[in-house]
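As a basis for the values below, the full set of heavy atoms in this structure was taken, side chains included, without hydrogen atoms, waters or symmetry mates. Counting convention: from 1, in listed order, for ligands and their atoms alike.
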Amino acid sequence: MVRNENQAGNSTNSDRTPVVGGPLAYSADGRLEFDGIPVAQLARDYGTPLFVYSAGHIAERLAEFRAGVGGRKHLICYAVKANSNLSLLRLMNAAGVGADIVSGGELFRARKAGIPADRIVFAGVGKSAAEIDEALSADIHMFSVESEAELREISRIAAETKREARISIRVNPDVDAATHPYISTGLKENKFGVPHEEVLALYDLARELPGTEARGIGFHIGSQLLGLDGYRDAAARVRSLLVELRGRGFAIDHLDVGGGLGIQYDDEQPPGMAEYARTMFEAFPEADFPDLTLVFEPGRSIAGNAGVLLTRVLYGKGNAAKHFDIIDAAMNDLIRPALYSAYHQAWPERSERLSETREADLVGPICESGDFLVRGRRLPVLEQGDLVALASAGAYGFVMSSNYNSRPRAAEVLVEAGPDGGQASARVIRRRETYDDLIRGED
Ligand code: LLP
């Protein structure tokens, strides 16, 4: 999980196996494979640094989730921010999954991928007038409203253009989701949502305002959550609001429970997808809420462990105190370690490297001391030219990458099983950027 790297100082992944259920595994002769394809082959064919994603893993995660739904009304709106590659969004669409968007750009992507508007929900504290207008034109399913000022703006734009916005108010339930402070969102001190004591007044206002129809209520309490208690607490708070609103005659038939389910990065044991789905439905029993549609916005739990970042060791460098393996991926490719002290397992392409370890950092070529992908861990003794796969890079990896130091962004590759689950094959779903891409639009 997101954690203080210092706490991980003595840990190593060399004595464990790659993320359980993830796409990485060693072949019988000790070569690292991704869904059965040698990573050496992927690196040869597409170069490094390289993001590789598993369509099979994504399908499995969705199937696990659906196993917990038990016939109840629901809408899965994949959080596009986690990984917005068009080909991934097309996979979601083909699987009947909608989109949770937070910008006009994400709306554009979701629509390009063919996701129908009635499966799109729009969150975020700062929707611009242009973005609201675009979403109204597309006739998206619902706006998740985060403040009175935003509600008034949506109403104004909808009324002026004689359209109707279905809205849901995002409640800040003030529960502690016990995650990294940067990705915790359900506490009073966070900028997100409407304080629960102000929520009823906002629905009254929505009833008064033209162009808005209150159809939902929701919350999102944080990300990389490793337990279900925060969800239960938030659900209980929002349930009483929902009951109160229905008592006052509001036709609220959607409950948006946000996203946030955690994944295994190191040795975490997050709740299963099915258990998570079941828990949320249990909080709203069918007997009491027969017509309620639960909206889920999973991002990381779908895409996180579907992807890895494949990189090559450029040079080794050491001093008395420390060894550094300088790799061709950097903080511009995967910023999570630098930004959140996040932990990503590092697996050498040859399993024989695992037999000898040392204290080392994996660092990139960027001119910053913060440019590390792994810091202060016992790592396999690597050699120049070795390939390493950084695990759990499918969510908040490429999407948070940049061109810092004028580094062209990495290519992305999708691995899909053949017909009837046959031999997997890989294809480029975003080509590696060129130097010309770097200056596109500049004068
Ligand atoms: N819904 C809303 C309203 C959100 O704000 C988020 C994530 C999600 C759904 C999806 O959450 P997920 O299921 O992926 O946890 N860059 C950070 C994560 C930021 C998450 C922001 N909001 C990281 O790399 O850990």
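Under the 6.0 Å distance and 45° angle rule, R248 does not count as a cation-pi partner of Y203.
Each of the atoms 16 (N), 17 (C), 23 (C), 24 (O), 25 (O) of ligand 1 lies under 4.0 Å from some heavy atom of Y340. Using a 4.0 Å cut-off to heavy atoms of G299, the atoms of ligand 1 that qualify are 12 (P), 13 (O), 14 (O).
Remark: R409 engages E433 in a salt bridge, criterion side-chain N to carboxylate O under 4.0 Å.
Without hydrogens or angle criteria, N172 side chain to D174 main chain gives a donor-acceptor distance under 3.5 Å. Listed for the D233 side chain is no donor-acceptor partner under 3.5 Å among the backbone atoms of V175.
Using a 4.5 Å cut-off on side-chain heavy atoms (C-beta onward), F65 and V97 make no contact.
Contacts between D100 and ligand 1, counted as non-hydrogen atom pairs separated by less than 4.0 Å, involve the side chain only. Residue E297 touches ligand 1 through backbone and side chain together, judged by heavy-atom distances below 4.0 Å. Residue contacts with ligand 1 for R336 involve side-chain atoms from C-beta outward but no N, CA, C or O (heavy atoms, distance under 4.0 Å).
Considering both main-chain and side-chain atoms, G260 comes within under 3.5 Å of ligand 1 through a nitrogen or oxygen pair.
Which of H220, R300, R170 comes nearest to atom 25 (O) of ligand 1 through a heavy atom is settled by distance: it is R300.
For S401 and D333, the side-chain atoms include no donor-acceptor pair closer than 3.5 Å.
Contact analysis leaves S301 out of contact with ligand 1, as no non-hydrogen atom separation drops below 4.0 angstrom. The shortest separation from a heavy atom of P298 to ligand 1 is under 4.0 Å, placing the residue in contact.
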>> Pair K73, D291 - check salt bridge (Lys or Arg N to Asp or Glu O under 4.0 Å), show working.
In response: CA-CA 7 Å; K73 286 188 186 169; D291 55 348; over 6 Å; no
